[in-house]
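Throughout, protein chains are lettered first and strands after them, A, B, ... in sequence-line order, and every chain is numbered starting at 1. Note that the structure is predicted; figures quoted are calculated from it, not measured.
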Amino acid sequence: MSPEAVELETPSGLEWAPVIRLVVGGFADRAHLRFDELDDLQLAIERLLAEAEAEDRVRLSFELVDGGAVRLRVGPLNEQSVAAALRDSGRGGEELNLRRVLDTVVDSFDVEGVRDGKVVVRLDKLVPAREA
Amino acid sequence: MSSGVPMSSDYDRELLRRYHLEGDHAARQILVERHLPLVRSLARRYAGRGESLEDIEQVGAIGLIKAIDRYELDRGVALTTYATPNVVGEIKRHFRDKGWTIRIPRGLQELNAQMSKTIEGLTGSLGRSPTVAEIARELHATPEQVLEALEAGSAYSPMSLSVGPSGETTADPLDTLGAEDEGYERSEERASLEPALHTLPPRDQEILRKRFQEGLTQTQIAEQVGISQMHVSRLIRKSLARMRDEMAPGMI
């Protein structure tokens, strides 16, 4: 993880969403994200945590990676609930599920680190080179 | 008659038949107990808003009982599908009727009130969505204050979901009882995610389609629909959360 990474561990549950949003916002400010890009990241995390079952606590990490992307990791999440939420319905994108939402608001996402039925979801949002 | 344990929905239908046609109140009680886990699951989504989880569960149980009592045998929809919006609606009505609102410091309220117009103005002059730092400079505030004000604007209140920052209102059917019942009748006929889209007001459906099917940005949507970008953001969040609430648990 890069030296400019931020890690946050919070209890899971909707009541902690404001805390997570504030930290996402702070990191986005440091990364010079625009308001709509910040909003996309907040929505991605919000929907992921709403759809996938988390343990009592959830860990989020934020970092800027080489090549210009904000990388978020969220976990541990229940593997089966993540698989169900991210399933491809095969209906040509007509279904408005979590996969569809993430396809729209982030540039890529993947599931990492399967262990004991728990996974971490990685979200990448590209940040084009721009003036500070 | 099949051997072994009857399917859950078959058993529910039998209990509903016994209750509604034979007046079997013991069957009603069994139905309530069988579906309390559903109530608890839905109630957990509303925890942490100034009410104990137990109280929210009790309110949700009232919605479950209403659903059992209102259930019409000839509709053929699963009780879980029919009960979910009743339970959720009862919980939401409970919060609304209590006049529940998070207290926001006045300074943050004032900053939030200026936020939407500032973002719109900067978007117009910059030709793109502004950064948090740019918004802060324009408002003579710190980025941290801007982020806190944005969060304050997201704080739940009966008004915040259907009133834009400039006082623009949406005709949100969920805010009136009659329309709520109408929504329940529509949602009872559906058991998958996509049809849940149709329980939303037409404008909210349009916004979701523009964002997630056509791939428009919030700024573009705001321009086309004639509302602020912040309002678009709020409506998208509300709509996605509402669609999930309309679904029975475990149907994803």
Is atom CD of Glu214(B) surrounded by more than 12 heavy atoms (other residues, nucleotides or ligands) closer than 6.0 Å? yes
Who among Glu148(B), Arg44(B), Arg209(B), Arg128(B) has the most heavy-atom pairs with chain A under 4.5 Å? Arg128(B)
Residue part contacting chain A, namely of Leu208(B), when any heavy atom lies under 4.5 Å: side chain
Arg237(B) vs Arg47(A), test: side chain to side chain contact (heavy atoms under 4.5 Å, CB included). Steps then yes/no. CA-CA 9 Å; Arg237(B) 279 192 158 76; Arg47(A) 294 322 310 161; over 6 Å; no
What part of Leu38(A) lies closer than 4.5 angstrom to a heavy atom of chain B: side chain, backbone, both or neither? side chain
Take atom CZ in Arg115(A); do more than 12 heavy atoms of anything else shown fall under 6.0 Å from it? no
Measuring from Leu150(B):CG to Arg21(A):CZ, what's the distance to the nearest 0.5 Å? 10.0 Å
What heavy-atom pair brings Pro143(B) and Asp29(A) nearest, and what distance separates the two atoms? CB-OD2, 3.3 Å
From Thr123(B) OG1 over to Arg34(A) CZ, what is the distance, rounded to the nearest 0.5 angstrom? 10.5 Å
Heavy atoms from other residues, nucleotides or ligands near CZ of Arg122(A) exceed 12 (cutoff 6.0 Å): yes
Within a strict 4.5 Å, meaning less than it, do heavy atoms of the Phe35(A) and Glu134(B) side chains meet? no
Candidates Asp40(A), Asp36(A), Asp103(A) - the one meeting salt bridge (charged side-chain N to carboxylate O under 4.0 Å, His left out) with Arg211(B): Asp40(A)
Would you mind reporting whether Leu43(A) and Ile236(B) have side-chain heavy atoms less than 4.5 Å apart? yes
Whether over 12 other heavy atoms sit under 6.0 Å from Glu223(B) CD: no
Could you check if a side-chain atom of Leu96(A) sits within less than 4.5 angstrom of a side-chain atom of Leu240(B), using non-hydrogen atoms only? yes
Counting neighbours of CD on Gln205(B) that are heavy atoms of other residues, nucleotides or ligands and sit closer than 6.0 Å, is the number greater than 12? yes
Charged N to carboxylate O under 4.0 angstrom, Glu46(A) versus Lys238(B)? no
Contact summary for Thr104(A) and Phe212(B), nearest pair of heavy atoms: OG1-CD2, 3.4 Å
Ion pair present between Arg234(B) and Asp39(A), side-chain N to carboxylate O less than 4.0 angstrom? no
Other residues, nucleotides and ligands only: do more than 12 of their heavy atoms fall within 6.0 Å of CD on Gln80(A)? no
